[in-house]
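Structure first, then comments.
Numbers for residues simply follow the sequence, beginning at 1. All ligand and atom numbering here is 1-based and tracks the order in the structure.
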Amino acid sequence: MDREQMSNEENYCFDVAGYLIVRDVLTREDLEACNRDIDQKGTAPLPESLEKLRDHPVLEWYLNQICGEEFQLDRKPRLIGEAGNDVGSPLVGGNEPRDLARSYYQQNDARFCQGVLAVWALEDVDEGDGGFVLIPASHKNYVETPEDVLTGADDMGLTVQPSLKAGDLLLCAETTLHGVRPWQGAGPQRLLAYGYIAKTARQSIDADATDEKESLPEWMAELTPVQRAVMQGQNFHRAYPPPVVKSDGKTCRIDESSGLYHPSLYIRDPESEIEEKELYFWDLCGHLVVRNVMDPAWLEAANEAIDKFADQIVVGGAPDKGSKTLAGTGRPDLGGLFELPKPYCDPFREMIAHPAIIHRLNWMEGSGFRCGNATAICSVKGTAGHAMHSGSDPARPGNSYMFQNGRTYCDSVNVAWQLRDVTEADGGFICLPGSHKARYPMPPGVQSCDEPMGLIRHVSMKAGDVLMFMAGAQTHGAYPWQSETERRTVLMNYMGRHMVL
Ligand SMILES: [Fe+2]
């Protein structure tokens, strides 16, 4: 490698999404040798052409940066999906509860990831092929992953199947939720995975470990079972997890019924009125879509009101900031919706304190928020997109997101009411899930969407849906409007009680 450090783009991508794709690492000769060997010799034992990918210099270079120097191999190489072993199993990973031996850390520009999965693409993997999947940003989630998301029964639209070209290297934090779905591709799935851990991290159970039990010093035979369990916890017992020794403060006992024991001071509050999957999604992504809030009559009244005052729509500047992808004409807005004459203001005033919104704002930012003005975004075909903006780096008042003691803290929430259906082909709202926890500066190519690094997501919605997103903390923007039908989104902001603007 001809450079000393990963670029800010690479740091940003790995930090926000929990994975990074390094393109074109293997040569055509490498690939031919690997695929020929798999076809002719199989993978047990692993042919040398595959074995040597373990120490590939490009992989080593990245592992030194991500995992730290003196990283070590933790999991033997395996072809993902081979023999169907891991296909359809629940996803593994996630950051709650936190596993310090695999976690991702970032503070003051220092970063290390205790466990990294390296996946070599030996053949192309196209969109829709299935196979290896992951959930971006889940290496930082603070809320326990719902069972339905793990099993895929209801993945909430979060699962991503990365597209790879033969020769690409995918590096994934081990705590980024990942798994294997059935393979649908035309050719064979040829993804070779190696697992690495940091120098001091505990090895996985199925690592090269032997069953050898180190012999105990004689004096230990004189100890009580509890004393022996504590002495053996780390040094003499290779099985994981080590024995659980519980205590009520007066006596100690070995509890063989639990694998891990780490008490929490807090218990879930069934009275909190928080829907747990929503909280998970909000914490993970930085936005939430509440479906079907407006009924047809309400939608009709709101659209009619905008039609009625169409002559007051003002075309502003194009917020594309010179982007090629987002270029277009100025954005048409209709402001002052609450002050329209009766009855045209009514469908918008109805939005101010709608229970579906107030209910969620209370757990998102706490009580005492205040609603600003409402503006209808009325983009026409050719209206420019909006360059990506906001995000949690650099930190400043108003753009932070925190989860502490079961509460989310976000001091500015935008609420966007959809008066018409919106699909990705139409354009409109886009966001960068996980960017409310970003710790590196947003790269220029992400801001312009010209080099999105696979991080940007469009949010499709139906008329009547309401989008809530972290106005200051989540990086968001809009694609240019491509539909013959005008965009109809009513945008409102709720500022938290702490902010004075
Ligand atoms: Fe914005």
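Using a distance-only test at 3.5 Å, with no hydrogens or angles considered, a donor-acceptor pair links the side chain of E365 to the main chain of G496.
Excluding waters, the set of protein N, O or S atoms lying under 2.8 Å from the Fe ion (ligand 1) comprises H389 NE2, H476 NE2.
The pair R488-E486 meets the salt-bridge criterion, with a side-chain N (NZ, NE, NH1 or NH2) lying under 4.0 Å from an Asp/Glu carboxylate O.
No close placement of the Y19 and H139 rings is indicated, their centers lying 6.0 Å or farther apart.
For R98 and Y105, the positive end sits near the middle of the six-membered ring, less than 6.0 Å away and at most 45° from its axis. The cationic group of K437 lies under 6.0 Å from the six-membered ring centre of Y142 and within 45° of the ring axis, placing it in a cation-pi geometry.
Sorted by first and then second residue, the side-chain hydrogen bond (donor to acceptor under 3.5 Å, both in side chains) pairs with a member in residues 373-390 read K381-E484, H389-H476; sequence neighbours excluded.
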